[in-house]
Protein chains: 2
Amino acid sequence: MAAGQGSAAVMERRLSAAEAQCARAGVQLTELRRQVLALVLEAEQPLGAYALLDRLKTQRPGAAPPTVYRALDFLLEQGLIHKVERLNAFVGCAGAGHDHHAGHQHAHQFLICRQCGQTIEISDPMVARALAEAASRVGFQAGHAVVEVEGRCATCAAVA
Amino acid sequence: MAAGQGSAAVMERRLSAAEAQCARAGVQLTELRRQVLALVLEAEQPLGAYALLDRLKTQRPGAAPPTVYRALDFLLEQGLIHKVERLNAFVGCAGAGHDHHAGHQHAHQFLICRQCGQTIEISDPMVARALAEAASRVGFQAGHAVVEVEGRCATCAAVA
DNA sequence: CGGGGTTCTGTTACTATATAACTTCCTGGG
DNA sequence: CCCAGGAAGTTATATAGTAACAGAACCCCG
């Protein structure tokens with residue numbers, strides 16, 4: 001197995017779901033985009049664009065920064081991956097393929113473990129609501145929100 | 001006047017408060033650090049490190065990236081400024097000097113206007129609470145949280 | 001079939017953001 | 001005086017992201 005968020009079979013299922021989602025949206029999950037998505041999904045942690053590029057080069061020797069950034073932009077637009085701003089890195093969207101959000105952004109939050117680097121995605125409606133209320137209280141029309149909490153995950157807390 | 005968040009008199013008051021806060025913490029607000037803080041405070045919008053560097057060079061011709069980054073690191077540690085991750089830019093801490101948080105991080109959120117670029121800092125206890133609860137629900141020990149909402153400020157919404 | 005878009009990818013070059021590593025300077029304590 | 005530690009200077013480099021144009025593949029339409 002290639003390490004990562006799940007077995008090869010799970011990976012395949014997620015890629016197929018992505019394929020289906022793109023088909024529905026009328027956009028193409030090309031080979032390149034699929035490769036980059038697979039690289040993001042099989043990582044245990046958020047990966048930076050250049051880390052992805054290095055890995056991509058093993059399959060596609062001519063790859064250059066724009067190669068990977070264009071694929072990432074596409075995947076972000078389709079809501080298949082998210083960017084972790086604090087880390088300048090990318091992770092697979094936890095909810096992708098569950099079609100309660102076919103394509104495009106949904107409210108989500110990241111919990112970033114400072115010890116093991118694992119990044120947990122949650123989607124807490126109370127956080128979203130509190131933010132929307134706080135914003136509207138000052139007349140601000142809220143769009144997409146970046147919410148990233150640094151701390152210690154349950155596993156690392158249990159060890160020490 | 002030098003443009004920015006307030007008059008020269010207000011600036012002086014904020015710098016003095018910063019000085020006092022550093023003295024209490026047993027750290028030095030050196031001339032360099034004070035200059036960088038002044039540059040951040042007098043800007044209307046978040047400024048990137050290199051924008052600050054350009055301005056700093058007028059006062060300190062030999063300044064290089066580490067010059068400004070080191071000062072920024074110090075100011076961040078003292079809680080005198082914040083970094084806006086989405087913009088890779090820095091703003092003065094709205095509450096600094098009010099000593100309900102002498103030194104070090106306090107929970108805050110940014111509302112970033114996509115139109116005028118203005119960044120409003122708020123400190124909503126409900127948001128902080130919702131986040132803390134959501135984190136603890138999955139056994140995560142929450143530390144500092146980055147919360148940045150992109151959208152449209154009241155002023156820009158009123159115009160169009 | 002043959003333009004002529006559009007979309008995707010390749011390629012080169014570059015800009016922007018951030019840090020490493022070593023040196024120098026200054027200050028305060030013995 | 002000497003030295004320990006913090007701050008700043010200096011050089012070089014690492015990391016992140018984009019601009020701009022060229023080529024290829026595809027599809028539609030006439």
Protein N or O to nucleotides 27-30 of chain C N or O, pairs below 3.5 Å:
none

Provide a list of protein-nucleic acid N or O atom pairs under 3.5 angstrom, restricted to nucleotides 9-14 of chain C.
residue : atom : partner : partner atom : Å
dT9(C)  : OP1  : T30(A)  : OG1          : 2.6
dG10(C) : OP1  : R60(A)  : NH1          : 3.2
dG10(C) : N7   : R70(A)  : NH2          : 2.6
dG10(C) : O6   : R70(A)  : NH1          : 3.1

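Between the C1' atom of dT15(C) and the OH atom of Y50(A) lies a distance of 11 Å, rounded to the nearest Å. The interatomic distance linking Q28(B) (CD) with dC26(C) (P) rounds to 14 Å, in whole Å. For the pair N88(A) CG and dT17(C) C1', the computed distance is 9 Å after rounding to whole Å. A straight line from OH of Y69(B) to C1' of dA21(C) spans 18 Å, rounded to a whole angstrom. Atom CG of L87(A) and atom C1' of dA18(C) are 15 Å apart (whole Å). To the nearest angstrom, P of dC8(C) lies 12 Å from CG of L75(A).
Sorted by first and then second residue, the pairs that involve residues 27-38 of chain B and meet salt bridge (Lys or Arg N to Asp or Glu O under 4.0 Å), not counting sequence neighbours, are E12(B)-R34(B), E19(B)-R34(B). Under the salt bridge (Lys or Arg N to Asp or Glu O under 4.0 Å) criterion, the residue pairs touching residues 120-132 of chain A are D124(A)-R137(B), R129(A)-E133(A), with sequence neighbours excluded. The list of side-chain hydrogen bond (donor to acceptor under 3.5 Å, both in side chains) pairs with a residue in residues 64-76 of chain A, not counting sequence neighbours, is empty. Contacts classified as ring-ring contact (aromatic ring centres under 6.0 Å, His included) and involving residues 13-36 of chain B (residues at least two apart or in different chains) are not found. Judged as a salt bridge (Lys or Arg N to Asp or Glu O under 4.0 Å), the pairs with a partner in residues 140-160 of chain B (not counting sequence neighbours) are, in order, R114(B)-E150(B).
The distance from the OG atom of S123(A) to the NE2 atom of H108(A) is 8.5 Å, given to the nearest 0.5 Å. Rounding to the nearest 0.5 Å gives a distance of 11.0 Å between CG of L37(A) and CG of L32(A).
Taking a heavy-atom distance under 4.0 Å as the criterion, the stretch of DNA chain D touched by chain A extends 5' to 3' from dA16(D) to dA20(D).
Taking side-chain N and O atoms only, K83(B) has no distance below 4.0 Å to OP1 or OP2 of dT17(C).
For A25(B), the side chain to side chain contact (heavy atoms under 4.5 Å, CB included) partners at least two apart in sequence or on another chain are V27(B), Q78(B).
Through ILVMFWY side-chain contacts below 4.5 Å, V159(B) is grouped with nothing and stands alone. Hydrophobic cluster of I122(A): the remaining members, joined at side-chain heavy-atom separations below 4.5 Å, are L111(A), I120(A), V127(A), L131(A), V138(A), F140(A), V147(A), V149(A), L111(B), I120(B), I122(B), V127(B), L131(B), V138(B), F140(B), V147(B), V149(B), listed by chain and number.
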What pairs of donor and acceptor atoms, side-chain ones from residues 50-66 of chain A against any protein atom, are under 3.5 angstrom apart with sequence neighbours left out?
residue : atom : partner : partner atom : Å
T58(A)  : OG1  : R55(A)  : O            : 2.7
R60(A)  : NE   : Q35(A)  : OE1          : 3.0
R60(A)  : NH2  : Q35(A)  : OE1          : 3.4

